[in-house]
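Notes to accompany the following structure.
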Amino acid sequence: MPEMPEVEILARHLRPLLRGKTIRSVTVRRERVLRPTPPRLFEKTLAGAMFKNLTRRGKYLLFELQPKNAKGTLRVLGHLGMTGRMFAAKKNETLPTHAAVVFDLGDRNFIYEDVRYFGRMTLDLSAIERLGPEPSEVSPETFAQSLKHSRQAIKVKLLDQSLIAGVGNIYASEALYRARLSPKLPANRLTAEQAKKLLRAIREVLRDAIKFGSTIPVKTTSGKSGALFYFDDAEGSFYERRLRVYDRVGKPCRNCGGKIERITQAARSTYFCPRCQRGR
DNA sequence: CACCATGTTCCTTG
DNA sequence: CCAAGGAACATGGT
């Protein structure tokens, strides 16, 4: 479920919900998601700690806690992988099949579940050090300059989190379509003007996704307990309306009426309009 | 059975 | 040392 907008929306949702809550105990049900933190250490470190804040960096969540018997701040890094979700649920509810970590908060459980277990919940924060700047904070000049050293296709480059952090497979296609740039363009062939245009498109696409909800056609679980909450409009058409090219292979381009194509780049699908997005 | 899926990391090759 | 490509991770949907 994650690209940066989903993670941002999730952080905003969870922040007031977790703040001030003390963890009574932690149950690790799938050790893989803690990697490389040892399970016993994770459980022991967090039992008795209190949530102080929750922030986002790229597609990562950063939980800040007050340790039980010490000063300072304890930090836990979260990532949703492809299929991760986090939510609070009543304690009498059945745990999801793929619940990976369960925090007992007293009145409720805070659950991290992940069908494919690609995500993480860990004491190892090293991943965020490798992230590039947030798209909202990087200057057009710096962004343009960072593209200069790569001959990789721009679409592939946008997925590189050390370039800018937060853009995933859906929004990479969406941003390039919005900027009218071919996904096949070698990164180092973008002019300063094109790079500037692309950065603007990235910002707009991400901003709109946060504003309107998002993206992934997750069936909302709003009917059930305290889970999420994508601003999905029951019709299922919301997703259709917001995404301009992603997953629209063969359908008419909303700009020129031509057919949207799907190609494979770095083993991932890219969607684009060959008429509107010229170049190579 | 086949292929596809919102992501990252590790390994190999050049 | 770096850039780039591909496999691996694991489960489910169509």
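Keep in mind that the numbers below use all heavy atoms, side chains included, and drop hydrogens, waters and symmetry copies. In what follows, chains carry the letters A, B, and so on, assigned in the order in which the sequence lines appear, proteins first and then strands, with residues in each chain numbered from 1.
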Q: Measure from NZ or CZ of A:Arg244 to the centre of the six-membered ring of A:Tyr177 and say whether it is under 6.0 Å with the direction within 45° of the ring axis.
A: no
Q. Is A:Tyr117 stacked on the base of C:dA10 when the test is centres under 5.5 angstrom and planes under 30 degrees?
A. no
Q. For A:Lys148, does the NZ atom have more than 12 heavy-atom neighbours from other residues, nucleotides or ligands under 6.0 Å away?
A. yes
Q | Face-to-face contact A:Phe118 to C:dC9 six-ring, under 5.5 Å, under 30° | A | yes
Q. Is the phosphate of C:dA4, meaning OP1 or OP2, less than 4.0 Å from a side-chain N or O of A:Ser150?
A. yes
Q.
Give the dot-bracket line for DNA chain C from 5' end to 3' end: parentheses for intra-strand Watson-Crick or G-U pairs under 3.5 Å, square brackets for crossings, | for inter-strand pairing, dots for unpaired.
A. .||||||||.||||
Q.
Could you go through A:Arg108 and A:Lys21, starting from their C-alpha distance and side-chain angles, then the distance that decides it, and tell me whether this counts as side chain to side chain contact (heavy atoms under 4.5 Å, CB included)?
A. CA-CA 10 Å; A:Arg108 310 201 124 206; A:Lys21 292 279 169 58; 5.8 Å; no
Q.
As an exercise, state the distance from CZ of A:Phe63 to CZ of A:Phe110, rounded to the nearest 0.5 Å.
A. 4.0 Å
Q: Find the distance A:Arg151:CZ to C:dA3:P and express it as a whole number of Å.
A: 10 Å
Q: Would you mind telling me which residue lines up with the more 5' stretch of DNA chain C, A:His149 or A:Arg32, judged by nearest nucleotide?
A: A:His149
Q. On a whole-Å scale, what distance lies between the C1' atoms belonging to C:dG12 and B:dT9?
A. 23 Å
Q. Between A:Asp124 and A:Arg35, is any pair of side-chain heavy atoms under 4.5 Å apart?
A. no
Q: Let me know the distance between CG of A:Leu80 and P of C:dA10, rounded to the nearest Å.
A: 18 Å
Q. Taking atom C1' of C:dA3 as reference, at what distance in whole Å does atom NZ of A:Lys148 sit?
A. 17 Å
Q: Check whether any side-chain N or O of A:Gln161 sits under 4.0 Å from OP1 or OP2 of B:dT9, and answer yes or no.
A: no
Q.
Check this one for me: any side-chain N or O of A:Arg268 less than 4.0 Å away from OP1 or OP2 of B:dA5?
A. no
Q) In whole angstrom, what separates A:Asp160's CG from C:dA4's P? A) 10 Å
Q: Go through C:dG12, B:dT8, C:dA10 for me and flag the one nearest to the A:Val115 side chain.
A: C:dG12
Q | Between B:dA5 (P) and A:His98 (NE2): distance, integer Å | A | 20 Å
Q) Taking the nucleotide of DNA chain B with the closest heavy atom to each, which residue, A:Tyr271 or A:Leu131, is nearer the 5' end? A) A:Tyr271
Q) In whole angstrom, what separates A:Leu158's CG from C:dA4's P? A) 14 Å
Q. Expressed in angstrom and rounded to an integer, what is the separation of A:Arg116 atom CZ from C:dT11 atom C1'?
A. 7 Å
(Q) Taking atom NZ as the centre, does A:Lys52 end up with more than 12 heavy-atom neighbours from other residues, nucleotides or ligands that are less than 6.0 angstrom away? (A) yes
**Q.** A:Arg275 atom CZ: more than 12 heavy-atom contacts under 6.0 Å
**A.** no
Q: Check whether any side-chain N or O of A:Thr83 sits under 4.0 Å from OP1 or OP2 of C:dA10, and answer yes or no.
A: no
Q: Using the P atoms only, state how far C:dA7 lies from B:dC3, rounded to an integer number of Å.
A: 14 Å
Q: Counting heavy atoms from C-beta on, name the nucleotide in C:dA10, C:dA4, B:dT9 closest to the side chain of A:Tyr60.
A: B:dT9
(Q) Within a 6.0 Å radius of atom NZ on A:Lys91, are there more than 12 heavy atoms belonging to other residues, nucleotides or ligands? (A) yes
Q: Can you tell me the distance, in whole Å, between the NZ atom of A:Lys155 and the P atom of C:dG5?
A: 13 Å
Q. Is the shortest side-chain N/O distance from A:Arg130 to OP1 or OP2 of B:dT8 below 4.0 Å?
A. no
Q: Respond yes when some side-chain nitrogen or oxygen of A:Lys157 is under 4.0 Å from OP1 or OP2 of C:dA3, and no when none is.
A: no
